[in-house]
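One structure is given here, and the rest of the page talks about it.
This structure is a prediction, so every number in the text was calculated from the model and none was measured.
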Amino acid sequence: MRKLSSILLVMIMIVFSACSQEQPDKSQGNPDNPQEKPENFIWVQGGTFMNTKSSYYGKNVTLTDFYVGKYEVTQKEWSEVMGNNPSAFRGNNLPVERVSWYDAVEYCNKRSIQEGLEPYYNIDKNTMDPNNKSDIDNVKWTVTVNAGANGYRLPTEIEWEYAASGGRMSKSYTYSGSNNADEVAWYWRNTGDQYLSGDWNWPVIENNHNQTKAVGNKKPNELGLYDMSGNVREWCWDWYGDLNSNNSGSYRVLKGGGWVGDVSSSELTFQGKFEASGIGPDQGFRVFRSK
């Protein structure tokens with residue numbers, strides 16, 4: 001009888017263990033296919049904004065689930081896909097910079113094809129985008145979305161801010177992961193030889209040898225995402241405007257602040273802007289995927 005009881009107990013423990021192992025970590029991978037989570041990506045559960053400091057808190061905004069890269073796209077990742085490196089500051093683990101919005105969407109499609117995914121964008125280089133009102137942008141490719149594709153893409157501004165603010169796990173920080181900028185953000189005071197004080201001053205910044213930093217060296221936010229405040233500004237899909245109400249414009253949105261910017265631009269709510277063709281040593285991006 002004791003022997004039978006022991007056998008039954010062992011069988012119950014085996015079944016319990018198997019069931020436990022089958023439960024996916026919903027914060028880290030697709031709950032339906034956790035094995036398919038791309039490397040260095042976080043699965044973000046959708047919902048409404050929990051961060052009370054967000055531009056979208058209390059608004060009628062609900063997001064669906066998505067993947068987001070843990071890090072900004074690095075120079076190594078860029079070079080492997082595009083075969084070049086446009087960055088002013090060189091290093092495999094430094095974020096790629098000096099990339100335009102057009103460069104970023106082209107990277108997304110090329111990486112998708114390279115990895116056997118369906119490209120998310122339809123890029124027509126021969127047709128001028130009638131929605132682009134810029135007098136400076138001389139590229140003006142027409143870029144539309146291939147709805148339902150599983151390829152890499154830029155985030156909408158709302159998705160970016162939701163992920164940066166910690167999603168469902170948000171603690172209502174001002175910056176992505178902290179109320180103390182120096183814990184999570186690379187910006188003009190802390191990206192050079194010495195920690196700078198006083199007012200923003202370009203000659204001082206230049207003499208201090210400020211530059212981008214290797215990704216992932218600051219504290220992550222609540223979801224495990226790095227550098228969403230500071231390092232390089234990150235391109236978003238949207239036209240610049242009031243809560244993304246515009247379907248056209250002269251500028252595309254940039255979020256997160258950068259190594260040369262003031263700390264205020266590293267706040268979650270800060271909405272930067274630049275022509276889609278513009279490049280700069282503090283402009284990079286992070287890739288998302290819908291599935």
(request) Identify the residue among S170, S165, S172 that makes a side chain to side chain donor-acceptor pair (under 3.5 Å) with T52. (result) S172
(message) If the threshold is 4.0 Å, N to carboxylate O, is there a salt bridge linking K171 and E222?
(response) no
(request) Enter the distance from N150:CG to S112:OG here, rounded to the nearest 0.5 Å. (result)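 Reported value, rounded in 0.5 Å steps: 7.5 Å.
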Are [X] and [Y] linked by a side-chain donor-acceptor pair shorter than 3.5 Å?
X	Y	answer
N180	K219	no
W239	N132	no
S248	N131	no

(message) When you group the ILVMFWY residues by side-chain heavy-atom contacts below 4.5 Å and let the links chain together, are W43 and M50 in the same group?
(response)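 Not linked; separate clusters.
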(request) Identify whether W160 and L223 are in the same connected component of the hydrophobic contact network (ILVMFWY, side-chain heavy atoms under 4.5 Å). (result) yes
(request) Verify whether the ring centers belonging to Y71 and Y226 lie closer than 6.0 Å. (result) yes
(message) Tell me if the aromatic rings of Y120 and Y152 count as close, with their centers under 6.0 Å from one another.
(response) no
Any side-chain heavy-atom pair of [X] and [Y] under 4.5 Å:
X	Y	answer
P155	Y162	no
V143	W101	yes
E77	R111	yes
N51	Y56	no
F285	L254	no
Y121	N146	no
V105	L154	yes
V68	R286	yes

(message) To check you understand the geometry: which heavy-atom pair defines the closest contact between S266 and G230, and what is its length?
(response) OG-N, 3.7 Å
(message) Counting only heavy atoms not in E80 (residues, nucleotides, ligands), do more than 12 fall under 6.0 Å from its CD?
(response)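 Counting other residues, nucleotides and ligands, CD of E80 exceeds 12 neighbours.
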(message) More than 12 heavy atoms of other residues, nucleotides or ligands under 6.0 Å from CG of D135: yes or no?
(response)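 No, CG of D135 has 12 or fewer neighbouring heavy atoms, counting only those of other groups under 6.0 Å.
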(request) Without swapping roles, check the side chain of E72 against the backbone of V215 for a donor-acceptor pair under 3.5 Å. (result)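 No, because the side chain of E72 does not come within donor-acceptor range (under 3.5 Å) of the backbone of V215.
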(request) Give a yes/no verdict on a cation-pi contact between R153 and F288, requiring under 6.0 Å between NZ or CZ and the six-membered ring centre and an angle within 45° of the axis. (result)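 R153 over F288 ring: no.
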(request) Sorted by first residue and then second, give each ring-ring contact (aromatic ring centres under 6.0 Å, His included) pair with at least one member in residues 249-277; sequence neighbours left out. (result) F89-W259
What pairs of donor and acceptor atoms, side-chain ones from residues 196-206 against any protein atom, are under 3.5 angstrom apart with sequence neighbours left out?
| from | atom 1 | to | atom 2 | distance (Å) |
| --- | --- | --- | --- | --- |
| W200 | NE1 | V260 | O | 2.8 |
| N201 | OD1 | V204 | N | 3.1 |

